Enquirer: 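Right, I'll just put the structure down here and ask away after.
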Amino acid sequence: MEIPICSFRSDEDEDWLTYGCHVESIIGNDVMCSCNHLTHFAILLQVEEITPYMDTSLLNLITRIGLGLSIVCLSVTLLVYAFCRLTSTRIITHANLAVALMISHITFLFIGTENPTACKAVAILLHFFLLAAFTWMALEGVFLYIKSTPTFHWKIRLPAWLLIGWGCPVGIVGTSMAVRLQSYGRAKSCWLSFDGGFVWAFLAPVLFVLIGNSVLLIRLIFVFFSLRSNKKKSEAEKVKAGLRMLIVLEPLLGLPWILGLFYFNGSTIGFAYASVIVNSLQGVFVFISQCLFDNDVRQSFRSKRSRVQAININVDSTGISTLNAAAVPESVTVRRGDSVD
């Protein structure tokens, strides 16, 4: 008796593999297969194919919960910026980073689609918006460098800023599509193929940004501790303030993405968990540090609240004046000869 086996073709060596697939039903000569190749956020920084482990389904669940929270938080961040009408270069940089992250997160939710054309489109969009997010993380770092260097006289011009933020990913993705369009989309996930090192069309720019931002963060730490206001603090206070700065800046600069590079196999699964948790929640960290506790946002809300209170006081004062006017009797003119009872 022949027993049917469900399998799929490997991207790398064209062998037929069976993991993640099982026979769903057998009706006559028809066999229905079901494959559940769950994909998590840590696969984005893999240099080569890694055999799935038992943790894959849990990592996938964490990824989807984290991305869902990030999408909500990034949406709220953009709405708050629009409501407050904040237009500084710093806020515009945050807003563009939020847009790129939010769309990349939404796109990632469709990374397992089975339609070949849709899968290729998902891979291209994911490549573009992730590169856009990293480009804006690089610009976050450049902005911090400019603001922390008093002798730096280069002025940021918004059109050039936007052109760099969105133009660089357009150039990289456009070139990649022109050279190897067929390498977008794989058998198990809609991402860049490992064949011929095509995945480096994403990894190389990302590594460049992460290394640059890491060097910048070290410089910012030195600048921070050299400030006159910090010299009077105790060592414990300095460490506490430094850690607070790291917590705020690391998600903004994208440095936690480095964790994904250390996920090689089952023995390094801990890095996969750390990478998935921290990176899928990047939007939450951006909302907390750059919206919820942002000085410009809080000042804008305080200003709007003061205006509302002033309007309420005005309305109340007008109402009181009207009531007082109504309570005062009309003047009575008494002429000679008239008697007043």
Side-chain angles (χ1 to χ4, degrees), residues 6-24 31-53 55-68 70-71 99-134 169-206 257 260 263 272 275-276 279-280:
C6 294
S7 60
F8 65 95
R9 199 161 190 175
S10 171
D11 291 340
E12 304 302 313
D13 49 21
E14 297 188 352
D15 287 341
W16 289 93
L17 305 176
T18 59
Y19 61 80
C21 295
H22 65 275
V23 176
E24 188 74 23
V31 179
M32 181 178 290
C33 293
S34 176
C35 295
N36 190 16
H37 294 119
L38 302 176
T39 305
H40 52 79
F41 225 45
I43 63 106
L44 295 176
L45 291 184
Q46 289 176 9
V47 179
E48 58 184 18
E49 190 76 48
I50 297 177
T51 303
Y53 294 91
D55 305 76
T56 303
S57 57
L58 180 57
L59 286 169
N60 179 71
L61 178 62
I62 295 172
T63 294
R64 293 183 177 275
I65 292 173
L67 292 183
S70 284
I71 290 168
V99 169
L101 280 175
M102 184 175 68
I103 299 179
S104 68
H105 290 351
I106 294 172
T107 306
F108 187 88
L109 297 177
F110 299 93
I111 199 171
T113 185
E114 296 177 359
N115 182 281
T117 304
C119 185
K120 192 176 291 291
V122 167
I124 293 171
L125 288 173
L126 193 58
H127 188 198
F128 172 76
F129 283 106
L130 280 174
L131 283 181
F134 276 97
V170 166
I172 296 172
V173 175
T175 303
S176 301
M177 290 174 62
V179 174
R180 289 181 58 179
L181 180 61
Q182 73 278 6
S183 293
Y184 280 100
R186 291 157 42 200
K188 296 177 289 299
S189 62
C190 304
W191 185 227
L192 279 61
S193 172
F194 293 116
D195 294 336
F198 184 69
V199 73
W200 285 99
F202 174 71
L203 290 179
V206 167
W257 281 80
Y263 173 43
S275 175
V276 166
N279 294 327
S280 65

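This structure is a prediction, so every number in the text was calculated from the model and none was measured.
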Enquirer: Could you grab the distance from atom CG of Leu130 to atom CG of Leu125, nearest 0.5 Å is fine?
Expert: 10.5 Å

Enquirer: Testing the basics here: between Ser193 and Phe198, what is the closest heavy-atom pair and its distance to 0.1 Å?
Expert: O-CB, 3.5 Å

Enquirer: Side-chain contact, heavy-atom cut-off 4.5 Å: Thr63 with Phe108?
Expert: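 Touching, per the 4.5 Å side-chain cut-off.
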
Enquirer: For Arg64 and Leu109, which heavy atoms make the closest approach, and how far apart are they?
Expert: NH1-O, 3.5 Å

Enquirer: Which heavy atom of Ala123 sits nearest a heavy atom of Leu192, and at what distance?
Expert: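 That would be O-CD1, 4.4 Å.
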
Enquirer: Using every non-hydrogen atom in the two residues, find where Ala118 and Thr113 come nearest and quote the distance to one decimal.
Expert: C-CG2, 4.0 Å

Enquirer: How close do Leu126 and Cys190 get, counting heavy atoms only, and between which atoms?
Expert: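 Answer, listing the atom of Leu126 first, then Cys190: CD2-O, 4.4 Å.
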
Enquirer: For residues Ile124 and Leu181, determine if any side-chain heavy atom of one lies less than 4.5 Å from a side-chain heavy atom of the other.
Expert: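 They are in contact (side-chain heavy atoms under 4.5 Å apart), so the answer is yes.
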
Enquirer: Check whether any side-chain N or O of His127 sits under 3.5 Å from a backbone N or O of Tyr184 as a donor-acceptor pair, and report yes or no.
Expert: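 No, because the side chain of His127 does not come within donor-acceptor range (under 3.5 Å) of the backbone of Tyr184.
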
Enquirer: With a 4.5 Å cut-off on side-chain heavy atoms, are Trp191 and Val199 touching?
Expert: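 Sidechains of Trp191 and Val199: in contact.
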
Enquirer: Measure the CZ-OG1 distance between Phe129 and Thr107 for me, rounded to the nearest 0.5 Å.
Expert: 6.5 Å

Enquirer: Just verifying a value: how many Å separate Ile62 CD1 and Ser275 OG, rounded to the nearest 0.5 Å?
Expert: 11.0 Å

Enquirer: Please verify the inter-ring angle class for Phe134 with Trp257; under 30° counts as parallel, over 60° as perpendicular, anything in between as tilted.
Expert: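 Phe134 vs Trp257 ring planes: perpendicular.
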
Enquirer: Output yes when a side-chain donor or acceptor of Ser70 lies under 3.5 Å from a complementary backbone atom of Ser280, and no otherwise.
Expert: yes

Enquirer: Got a second to check how far Lys120's NZ is from Ser183's OG, nearest 0.5 Å?
Expert: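 Going from the NZ atom of Lys120 to the OG atom of Ser183 covers 7.5 Å.
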
Enquirer: Could you give the distance from CD1 (Ile111) to CG (Asn60), rounded to the nearest 0.5 Å?
Expert: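 Ile111 CD1 to Asn60 CG: 10.0 Å, rounded to 0.5 Å.
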
Enquirer: Would you give the length of the straight line joining atom CZ of Phe202 to atom CD1 of Ile172, rounded to the nearest 0.5 angstrom?
Expert: 10.5 Å

Enquirer: Taking all atoms of both residues into account, what is the closest heavy-atom pair of Cys119 and Gly185, and its distance?
Expert: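 Of all heavy-atom pairs spanning Cys119 and Gly185, the closest is SG-CA, 4.1 Å.
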
Enquirer: For atom CZ of Phe110, decide whether the heavy atoms of other residues, nucleotides or ligands shown that lie under 6.0 angstrom number more than 12.
Expert: no

